[in-house]
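To start, the structure under review is shown below, and the notes come after it.
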Amino acid sequence: EVQLVESGGGLVQAGGSLRLSCATSGFTFDDYTIGWFRQAPGKEREGVSCISPRNGDTYYADSVKGRFTITSDNAKNTVYLTMNSLKPDDTAVYYCAAAFLTAPQVMGVLGPSVFREWGQGTLVTVSS
């Protein structure tokens, strides 16, 4: 019954903003770190941002730091990724995923490998 459901993707012009949502269920929210990944055509899946709902610790990839903000609403078991100043290079399918008892900073070292539960993805397209 573990579920992670992304929403909020769409088409936006460069410089615009979007907010992605990851609604989770079927597991103890505070025991997991929730991360956002993205994959563009011909590219490897890369970690974007991650948050520990338990203590609020966060991680951001260098490519998005200062533009994207990750937050959690623990009452709703939902994680958000607010994306500002979007660039065409941000175009990708965005996935949320959960890692058990993992520090957010691990995303920068191991990438997707420690994230075992995945959502279906939501497409973000940024036009120039």
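Counting from 1, the numbers follow the sequence of the chain as shown.
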Using side-chain heavy atoms (C-beta onward) and a distance below 4.5 Å, is [X] in contact with [Y]?
X      : Y     : answer
Arg38  : Leu81 : no
Val124 : Met83 : yes
Trp118 : Leu4  : no
Phe29  : Val79 : yes
Leu86  : Phe68 : yes

Give the cluster check for [X] versus [Y]: same hydrophobic cluster or not, with ILVMFWY residues linked at side-chain heavy-atom distances below 4.5 Å.
X      : Y      : value
Val48  : Val5   : no
Val12  : Val64  : yes
Phe100 : Val2   : yes
Val109 : Val114 : yes

Measure from the side-chain N and O atoms of [X] to the backbone N and O of [Y], and report whether any donor-acceptor pair falls under 3.5 Å.
X     : Y      : result
Arg19 : Thr82  : no
Glu6  : Gly121 : yes
Thr33 : Thr102 : yes

Worked check of side chain to side chain contact (heavy atoms under 4.5 Å, CB included) between Arg54 and Asp31:
CA-CA 7 Å; Arg54 183 182 294 245; Asp31 287 342; 2.5 Å; yes
Over all heavy atoms of both residues, which pair between [X] and [Y] is shortest? Give the atoms and the distance, please.
X      : Y      : answer
Thr91  : Val126 : OG1-N, 2.9 Å
Ile70  : Ser49  : CG2-OG, 3.2 Å
Ala61  : Gly47  : CB-O, 3.5 Å
Ala14  : Ser128 : CB-CA, 4.4 Å
Phe115 : Cys50  : CZ-SG, 3.8 Å
Ser21  : Thr78  : CB-CG2, 4.5 Å

Starting at [atom1] of [X], measure out to [atom2] of [Y] and round the result to the nearest 0.5 Å.
X      : Y      : atom1 : atom2 : result
Ile51  : Tyr80  : CD1   : OH    : 11.5 Å
Lys76  : Asn74  : NZ    : CG    : 12.0 Å
Met107 : Tyr60  : CE    : OH    : 11.5 Å
Asp30  : Leu101 : CG    : CG    : 11.0 Å

Within 45 degrees of the ring normal and closer than 6.0 Å to the centroid, is that where the cationic atom of Arg45 sits relative to Phe37?
no
Show, in sequence, the C-alpha distance, side-chain angles and deciding distance for Tyr32 and Thr24, and conclude whether the side chain to side chain contact (heavy atoms under 4.5 Å, CB included) test is met.
CA-CA 11 Å; Tyr32 287 78; Thr24 75; over 6 Å; no
Qualifying residues under ring-ring contact (aromatic ring centres under 6.0 Å, His included), relative to Tyr95, sequence neighbours excluded:
none
Which is it for Ser72 and Ile34 under the side chain to side chain contact (heavy atoms under 4.5 Å, CB included) test, yes or no, and what are the steps along the way?
CA-CA 9 Å; Ser72 66; Ile34 309 299; over 6 Å; no
Mark yes when over 12 heavy atoms from residues, nucleotides or ligands other than Gln3 sit less than 6.0 Å from its CD; otherwise mark no.
no
Asp62, CG atom: more than 12 neighbouring heavy atoms under 6.0 Å
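Check fails, neighbour count at 12 or below.
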